[in-house]
Amino acid sequence: MATLVAMSQVRIRPGDPLSGTLRVPGASKNSGCKQLAAALLARGTTTVTNAPTVADLEVMLDVLTAIGVKVERINADTLSIDTTAHLNPEAPYELVSLMRASINVLGPLLARCGEARVAMPGGDNIGQRKLDMHFRGLEAMGATLQVSHGFIEASCKKLIGARITLDFPSVGATENLISAAVTADGVTVIENAAREPEIRDLAAFLNQMGARIEGAGTSTIEITGVDELSSVNTELCGDRIDAGTFLMACGVAGGDITLEGIRFDQLEMVIVKLRQMGMEITVTDSGLRAQADKRLKSVDVATLPFPGFATDFMPMTVALLSVADGTSIVSENIFDSRFSFIDELNRMGSDIRTEDRHAVVRGVERLSGAPVRAFDVRAGAALAIAGLRAEGETIVHDWHHVDRGYVDLPGRLASIGADVIRL
Ligand code: EPU
């Protein structure tokens, strides 16, 4: 699998309101990578459908290949991995440095091999992203961990069920600890667990493999260890962040679009806010319909763990509010430096001031197209959306960040009438 992604740019020009129907792709980045890591717990072949290629999924497949897994892409949406062979439980720096979710192999490798050596990911463009809760939870289950020469070195004889209370409902820590606990001796209880839909999906996948996990999707998850898991087939849910991005694009450009393959409950908080702003969003038989026929109104938004307003929607929401009528206050409560894209947005004529974790967004009628740079996946998507309501041309540089998590965002925006093209 290739991991090199060409540096690329995308040009956006303002155009007609958006119109048409789109299928929401499977959540390859935030669900697929996690389920693939968890598949290491069984020996056999796991087939994953609705798993389109995005760069982060390819990195996870490279990590698995490095560990000794046989990876095969069957078609554009389906892949299979064979975890039967003896595994070399080491995730190399070159891959972990490309994608933090590589850390999700730590729990499964420890559970299966009794040891793991995973390169320590650094901070990144949205904040510190510490791992202390992953470590404390695994230690409570009897593992020994140390960081040496840039690698997390973990070992255990046999993991033992434990009661773990997280300081904060971390998605990654909850996922790693669930995966470690499913074959541990006895019962593990995770309190203050993350409740994101991706956690429910991971637990459903593991239960299908034979695990006994109860309470996923709530703050208390109870896992009764089993002796063995078996490989199964899994289908990924529609990507809620992708769907939310298109709802916001519709809010910025105006229009009438239908998204298929997404459920209301995956996006409830975003829909509540978009409706407050003046968008009409209705539930259809197979997804959602969004209509925006006038300039939207300002609204205050604070990011919180699920079911609160997800931090991953925040950059696109700021883009939307930057052209809304009125002043909004946006507070980022999950990551400590996720506002760097705002300097880029201000280069496009938005009127936004940030103070620590808060942004005061004074809506302007129109933005002005400019060359800008994507610092991370959602920041790039936000700048592209802003370009839909900016006079002239917006060129988003470093688009490869966006390709980490989105399936051909430019092409799919263009398919509903936006003037967006990859240069
Ligand atoms: N944290 C700690 N200690 C830990 C773990 C986390 O202090 O041991 C802190 C982090 O520093 C951060 C907060 O807790 O401030 C939340 O981190 P969390 O562990 O929940 O995030 P994550 O698992 O690293 C996933 C998604 C992110 C998404 C967050 C929050 C994946 C691959 N990543 O990250 O997605 O923002 O959950 O929902 O699933 C994105 O898609 O753009 C993205 C960044």
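Every number for a ligand or one of its atoms is a count from 1 in the order of the listing. Just so we're clear, the structure is a prediction, and the values are computed from it rather than from any experiment. Just the heavy atoms: all of them, side chains too, but no hydrogens, waters or symmetry mates, feed the values below.
Atom 31 (C) of ligand 1 is flagged as protein-proximal [any protein heavy atom, distance under 4.0 Å].
In this structure, Arg100 has no heavy atom closer than 4.0 Å to ligand 1. Contact between Arg136 and ligand 1 is absent, with no heavy atom of the residue lying under 4.0 Å from the ligand. Note on ligand 1: Asp132 sits in its first shell, one or more heavy atoms being nearer than 4.0 Å. Residue Asp56 places every heavy atom at 4.0 Å or more from ligand 1. In this structure, Met60 has no heavy atom closer than 4.0 Å to ligand 1.
Both the backbone and the side chain of Ser170 come within 4.0 Å of ligand 1, judged by heavy-atom distances. Both the backbone and the side chain of Met133 come within 4.0 Å of ligand 1, judged by heavy-atom distances. Contact annotation for Ile334 and ligand 1: heavy atoms of both the backbone and the side chain come within less than 4.0 Å of the ligand. Neither the backbone nor the side chain of Glu332 has any atom closer than 4.0 Å to an atom of ligand 1 (non-hydrogen atoms only). Proximity of Val171 to ligand 1, defined as any heavy-atom pair under 4.0 Å, is shared by backbone and side chain alike. Contacts between Lys29 and ligand 1 below 4.0 angstrom, taking non-hydrogen atoms only, involve the side chain exclusively.
Using modelled atom types, one finds no donor on one side chain facing an acceptor on the other under 3.5 Å when comparing His400 with Ser8.
Note: no N/O pair closer than 3.5 Å links Val377 and ligand 1 by distance alone. Not one N or O of Thr311 is nearer than 3.5 Å to an N or O of ligand 1, by distance alone. The shortest N/O to N/O separation between Gly172 and ligand 1 falls below 3.5 Å.
Between Val301 and Phe313, every side-chain heavy-atom pair lies at or beyond the 4.5 Å cut-off. Contact check for Leu131 versus Met120: side-chain heavy atoms found under the 4.5 Å cut-off.
Listed by number with element, the atoms of ligand 1 under 4.0 Å from a non-hydrogen atom of Phe168 are 13 (C), 14 (O), 16 (C).
Residue nearest to atom 17 (O) of ligand 1, selected from Phe335, Phe306, Phe313, Tyr406: Phe335 (by heavy-atom distance). Of the options Asp376, Asp312, Asp336, Thr303, the smallest heavy-atom separation from atom 28 (C) of ligand 1 is shown by Asp312.
For the atom pair CG of Leu321 and CE of Met277, the computed distance is 4.5 Å after rounding to the nearest 0.5 Å.
The only option from Arg404, Arg100, Lys34 that meets the salt bridge (Lys or Arg N to Asp or Glu O under 4.0 Å) definition with Asp56 turns out to be Arg404.
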